[in-house]
There are 2 protein chains.
Amino acid sequence: MTIYDTNSWQGIKSEVIRRINDRQWQPGDLIPSEVELSEQFGCARATVNRALQDLADAGVLDRRRKAGTRVALNPVRKATLEIPVIRKDAEARGGTYSFDLLSQQEFTPSANLQNKYRLDPNISLVGLYTLHRANLKPFAYEERWINLAVVPEITQADLTSISANEWLVNHTPLSRGEFGFSATNATKPEALLLQCDEGAALFTVNRVTWSGEAPITAVRLVYAPGYSMVSIV
Amino acid sequence: MTIYDTNSWQGIKSEVIRRINDRQWQPGDLIPSEVELSEQFGCARATVNRALQDLADAGVLDRRRKAGTRVALNPVRKATLEIPVIRKDAEARGGTYSFDLLSQQEFTPSANLQNKYRLDPNISLVGLYTLHRANLKPFAYEERWINLAVVPEITQADLTSISANEWLVNHTPLSRGEFGFSATNATKPEALLLQCDEGAALFTVNRVTWSGEAPITAVRLVYAPGYSMVSIV
DNA sequence: CAGTGGTCTAGACCACAAG
DNA sequence: TTGTGGTCTAGACCACTGG
């Protein structure tokens with residue numbers, strides 16, 4: 001346990017946490033204003049501000065101008081998932097990473113894709129089917145399409161030596177995305193690829209990545225049985 | 001798209017992002033120091049600091065004293081999962097929430113639990129088995145134990161009217177935890193409870209919550225088929 | 001050692017929203 | 001209208017760590 005001075009922002013943060021845990025300040029309660037607290041703690045208001053903002057980010061406090069700062073009624077548990085590049089993930093689980101690019105072809109978006117992602121019918125997409133391995137054993141199976149209208153350069157890349165995943169991460173440094181996590185039963189082809197029984201429960205990630213209004217890529221990733229994604233809060 | 005002035009920290013943040021996306025600053029590159037940037041932007045160093053710290057938190061920049069600030073080589077994708085109380089989750093999915101407390105009993109930790117969670121063999125735990133429902137249909141099945149040495153007050157609570165989950169959230173406002181997400185095949189009893197086929201792929205969450213060195217509670221939660229946990233980055 | 005980020009201060013002005 | 005948080009400034013000192 002690290003101890004902080006009470007006129008450091010971390011110290012103020014722990015003190016606030018202590019008061020909440022002690023139930024001096026209960027859920028829904030209004031806590032003193034920044035000015036009052038800075039007087040209590042004998043520090044600058046900016047220091048209190050830093051501490052309270054941090055706690056508000058964490059979902060512990062609710063702050064509104066003029067209305068003041070309250071202890072959150074529904075302390076949302078926020079878990080920050082670090083989603084590593086698959087290669088790192090496989091390596092971290094003690095394996096040597098490799099992958100097979102099973103197939104790659106260009107196509108134009110189906111009506112379904114056009115609607116779902118607001119894609120122009122005339123653009124080209126690349127479809128990629130990849131089996132990721134750790135120590136040569138199947139680790140995850142990936143189905144992906146990439147929007148060539150956004151990243152045409154990828155046609156120049158050798159996607160058998162670097163995975164599309166990594167290429168994209170390094171060439172589109174910042175982007176919005178949506179993740180969906182679910183569980184699906186292995187289909188027969190998936191079972192063959194992942195060397196598991198048909199119907200086995202597979203941890204599944206769906207991801208769409210956007211650059212402004214245009215989708216860059218969408219992925220469906222099914223992990224071999226036993227995979228677990230861990231997060232520390 | 002919101003536009004910020006370049007001497008606000010948000011403005012500086014977007015400008016830095018722009019330079020990274022333009023590849024003026026490439027992954028691994030050292031970017032100018034805070035002092036240099038504050039001169040370039042005509043603002044105080046603290047403002048630049050705020051912007052760069054934000055980007056470092058997001059995993060876009062790597063910062064080290066004396067070594068300076070670099071564009072991250074492995075831009076970690078961080079997804080912030082908001083993990084709501086089950087009731088809210090069920091309600092957000094358009095249902096009326098209810099639950100059945102199937103069983104509740106006190107016991108002392110098995111050798112296995114003692115080892116895994118460093119539990120004293122003499123303390124008492126409560127085991128709870130709960131079926132959560134949305135619109136009366138099974139939503140998730142929960143197995144949980146709670147450490148009475150840490151929260152003895154819970155024996156006073158009526159856990160048939162408020163779920164243990166919510167009681168704990170409101171009485172242990174801040175705590176560390178670990179989440180694990182995986183997929184499991186429905187066992188026969190789970191299939192009965194969740195009204196699905198045996199073997200169906202179920203999204204599963206394991207959670208352990210700690211208060212200092214002592215575990216407060218551990219939960220295994222299996223969701224009815226079709227559940228998907230969504231996160232926006 | 002010296003240069004970088006990390007933090008604190010005292011003061012100021014602004015933006016928002018409750019009354 | 002007015003009290004609250006949100007932000008910026010100019011300056012200062014500190015903590016870490018690379019050279």
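In the text below, chain A, chain B and the rest are named by the order of the sequence lines, each starting its count at 1. In this text the structure is predicted, and so the values were computed from the model without any measurement.
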Ring centroids only, cut at 6.0 angstrom: are Tyr117(A) and Trp145(A) within range, meaning strictly under it? yes
Side-chain N or O of Asn49(A) less than 4.0 angstrom from OP1 or OP2 on dG5(D)? no
Distance test, side-chain N/O of Ser33(B) to OP1/OP2 of dG3(C), below 4.0 Å: no
Leu61(B) side, atom CG; Ile20(B) side, atom CD1 - distance, nearest 0.5 Å: 5.0 Å
Using the six-membered ring wherever Trp is involved, compare the ring planes of Phe203(A) and Tyr223(A) and label them parallel, tilted or perpendicular (cut-offs 30° and 60°). tilted
Counting only side-chain heavy atoms from C-beta out, which of dG3(C), dT7(D), dA18(C) sits nearest to Lys66(B)? dG3(C)
Whole-Å distance, Lys13(B) NZ to dT7(D) C1', equals 15 Å
Nearest-Å distance for atom pair CZ/P, residues Phe41(A) and dA10(C): 16 Å
Assign each of Glu34(B) and Arg65(A) the nucleotide of DNA chain C bearing its closest heavy atom; nearer the 5' end lies the nucleotide of Glu34(B)
Can you check whether Thr47(A) has a side-chain N or O nearer than 4.0 Å to OP1 or OP2 of dT7(C)? no
Round to a whole Å and report the spacing from CG of Asn7(A) to C1' of dA12(D). 15 Å
Below 4.0 angstrom from OP1 or OP2 of dT7(D), is there any side-chain N or O of Gln53(A)? yes
Assign Arg45(B) to base, sugar-phosphate, or nothing according to its heavy-atom contacts below 4.0 angstrom with the strands shown. base
Arg70(B) has an atom CZ; how far is it from atom P of dT4(C), in whole Å? 12 Å
According to a strict under-4.0 Å criterion, is Arg64(B) in side-chain N/O contact with OP1 or OP2 of dT4(C)? no
Euclidean distance, atom CG of residue Asp54(B) to atom P of dG6(D) [Å, nearest integer]: 14 Å
Rounding to a whole Å, what distance do you find between Leu61(A):CG and dG6(D):P? 11 Å
Mind checking whether Phe99(A) and His132(A) have parallel, tilted or perpendicular rings, split at 30° and 60°? tilted
In whole Å, I'd like the distance from the CD atom of Gln10(B) to the P atom of dA15(C). 14 Å
Toward the 5' end of DNA chain D, which comes first, Ala46(A) or Thr69(A), by nearest nucleotide? Thr69(A)
Looking at every strand, decide which applies to Arg50(B) at a 4.0 Å heavy-atom threshold: base, sugar-phosphate, or nothing. sugar-phosphate
Separation of dA15(C) atom C1' from Arg63(A) atom CZ, nearest Å, is 14 Å
Distance, nearest 0.5 Å, that separates OG1 of Thr209(A) from CG of Asn147(A): 11.5 Å
